[in-house]
Amino acid sequence: MITVGLLGCGNIAGLIAAHRPGNIRIAAVYDRHVERADDLAGRLGALACHDFNEFMAADYRVAVEAASIGAVVDHGEALLDSGRDLVCLSVGALADTAPRERLVAAARRAGRVLRVPSGALFGLDNAKVGRISRLTRVLLRTTKPPRALGLEAGARQLLFRGAAGECIRRYPKNVNVAVALSLATGREAEVELWVDPAVERNTHEVVLEGEFGAVVITVHNLPSPDNPATSRLAALSVLALLSDLDNPLVVGT
Ligand SMILES: NC(=O)C1=CN([C@@H]2O[C@H](COP(=O)(O)OP(=O)(O)OC[C@H]3O[C@@H](n4cnc5c(N)ncnc54)[C@H](OP(=O)(O)O)[C@@H]3O)[C@@H](O)[C@H]2O)C=CC1
Ligand SMILES: O=C([O-])CC(=O)C(=O)O
């Protein structure tokens, strides 16, 4: 049984709770909105933590962050130092070298692992070959419905073109996947972020070229129930990651 503490009780946490398989028990949940923690804990039979100290004192093996970049910056190190693995969805927290190195150092100190799930993308598994064999192009082209960014747009519109690190600074709730792709490949991704009133799904196109050849992967993600910016796949991917932790047969690089 894998026991989990959920940091953040929003969309992703709700989907994780709804789809968790039998080998995963959510023992504790924490959100800065006490009522969200109480509600989710009530549905799960978990401990509702009303502040971070309570969450730290609770009994679970893996912390899953589904909150915000700020939550990772504020709490990631303490969670790792307490001897838990940390699964981090707000991957934007790892975009800059200094905070990333602090978290990696904490994981190393504690002998634990900071895990970045594939989240809303497919293809991060073999994208990791970029750290072994040179990639000449790493591009993420993301298209979301305008409402996912709180915008109105009458036509397809390019919001941003440039480096992943700059894109996540400008759109911290929409392109965590760009940072995940950069970390997987070892090369900062170029990003195009589009809004398009003609799309219903959050669409991510990953383009990789290098010594291995070339690949284009397009994911058409259904949005989560209450947050159009967040794809359902991100929550499911965390459950797949957690399920593998005790699995004697692990598939995928
Ligand atoms: N890696 C990936 O592929 C993906 C990553 N994400 C990221 O995952 C995270 C969760 O997404 P989602 O579930 O949709 O978000 P939601 O906004 O639905 O839920 C997050 C919850 O966490 C709370 N929260 C935020 N910061 C803190 C904190 N410091 N301490 C305690 N509680 C906090 C929020 O409160 P409040 O409302 O006040 O902020 C909110 O209740 C986001 O950062 C999102 O950008 C999303 C999709 C894909
Ligand atoms: O859920 C998605 O499609 C991607 C997303 O919001 C993110 O990476 O922050």
Side-chain angles (χ1 to χ4, degrees), residues 5-18 28-41 48-56 63-76 78-79 87-95 114-124 140-145 147-150 160 164 167-184 189 191 193-195 199-206 218-241:
L6 279 178
L7 168 51
C9 297
N11 281 276
I12 289 185
L15 286 165
I16 288 175
V29 304
Y30 166 58
D31 194 289
R32 61 186 168 201
H33 302 271
V34 169
E35 68 288 356
R36 292 184 193 165
D38 285 344
D39 178 54
L40 189 63
C49 301
H50 289 177
D51 60 42
F52 182 69
N53 290 336
E54 247 186 276
F55 188 62
M56 283 288 284
V64 173
E65 174 281 326
S68 62
I69 289 174
V72 179
V73 171
D74 290 347
H75 303 311
L79 286 165
V87 179
C88 171
L89 276 152
S90 303
V91 196
L94 310 178
L114 171 58
R115 296 178 190 275
V116 173
S118 296
L121 287 187
F122 276 79
L124 283 195
L140 175 73
R141 185 176 295 118
T142 290
T143 305
K144 291 191 176 186
R147 68 193 160 87
L149 287 109
F160 178 88
C167 195
I168 189 72
R169 259 186 291 282
R170 294 201 204 174
Y171 300 96
K173 294 185 173 178
N174 281 280
V175 290
N176 287 283
V177 282
V179 180
L181 181 63
S182 305
L183 291 171
V191 183
L193 176 60
W194 297 79
V195 285
V199 303
E200 284 294 325
R201 298 183 176 192
N202 293 328
T203 303
H204 302 292
E205 208 179 325
V206 174
T218 307
V219 197
H220 301 278
N221 278 323
L222 286 172
S224 57
D226 303 316
N227 184 350
T230 289
S231 303
R232 294 179 71 90
L233 180 65
L236 300 176
S237 125
V238 170
L239 289 170
L241 181 157

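We number each residue from 1, following the sequence as shown. Just so you know, these numbers use all the heavy atoms, side chains as well, and skip hydrogens, waters and symmetry mates. We count ligands from 1, going down the list as the structure has it; atoms in each ligand are counted the same way. All of these numbers come straight from a predicted model, not from anything done at the bench.
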- Residues in side chain to side chain contact (heavy atoms under 4.5 Å, CB included) contact with Phe122, at least two apart in sequence or another chain: Ile217, Val219, Leu233

- Item | Ala240: side chain to side chain contact (heavy atoms under 4.5 Å, CB included) partners, not counting sequence neighbours | none

- Query: Should the pair Arg115-Glu65 be classified as a salt bridge under the 4.0 Å nitrogen-to-oxygen rule?
  - Reply: no

Return a table of N or O atom pairs, ligand 1 on one side and protein on the other, at distances under 3.5 Å, rounded to 0.1 Å.
unit_1	atom_1	unit_2	atom_2	d
ligand 1	1 (N)	Leu89	O	3.0
ligand 1	3 (O)	Ala120	N	2.9
ligand 1	13 (O)	Asn11	N	3.3
ligand 1	13 (O)	Ile12	N	2.9
ligand 1	14 (O)	Asn227	ND2	3.0
ligand 1	14 (O)	Thr230	OG1	2.7
ligand 1	18 (O)	Asn11	N	3.0
ligand 1	18 (O)	Asn11	ND2	2.7
ligand 1	22 (O)	Asp31	OD2	3.3
ligand 1	26 (N)	Ser68	OG	2.7
ligand 1	32 (N)	Arg32	N	3.1
ligand 1	35 (O)	His33	NE2	3.4
ligand 1	37 (O)	Arg36	NH1	3.1
ligand 1	38 (O)	Arg32	NE	3.1
ligand 1	38 (O)	Arg32	NH2	3.4
ligand 1	38 (O)	His33	NE2	2.5
ligand 1	39 (O)	Arg32	NH2	2.8
ligand 1	41 (O)	Asp31	OD1	3.2
ligand 1	41 (O)	Asp31	OD2	2.7
ligand 1	41 (O)	Arg36	NH1	2.6
ligand 1	43 (O)	Ser90	OG	2.7
ligand 1	45 (O)	Asn176	ND2	3.0

- Item | Heavy atoms of other groups near Glu200 CD, more than 12 under 6.0 Å | no

Has the side chain of [X] got a donor or acceptor atom that lies under 3.5 Å from a matching backbone atom of [Y]?
X: Asn11; Y: Asn227; value: yes
X: Thr218; Y: Glu205; value: no
X: Lys144; Y: Leu149; value: no

- Item | Given Leu181, Leu124, Val238, Leu236, the one that forms side-chain contact (heavy atoms from CB on, under 4.5 Å) with Ser118 | Leu124

Give every pair formed by an N or O atom of ligand 2 and a protein N or O atom closer than 3.5 Å, one pair per line with both atom names and the distance to 0.1 Å, or write none.
unit_1	atom_1	unit_2	atom_2	d
ligand 2	1 (O)	Ala229	O	3.3
ligand 2	1 (O)	Ser231	N	2.8
ligand 2	1 (O)	Ser231	OG	3.1
ligand 2	3 (O)	His204	NE2	2.7
ligand 2	3 (O)	Ser231	OG	2.6
ligand 2	6 (O)	Lys144	NZ	2.8
ligand 2	6 (O)	Ala229	O	3.0
ligand 2	8 (O)	Asn176	N	2.9
ligand 2	8 (O)	Val177	N	2.8
ligand 2	9 (O)	Val175	N	3.4
ligand 2	9 (O)	Asn176	N	3.0
ligand 2	9 (O)	Asn176	ND2	2.9

- Taking atom types as modelled and ignoring hydrogens, do the side chains of Ser231 and Asn202 form a donor-acceptor contact shorter than 3.5 angstrom? yes

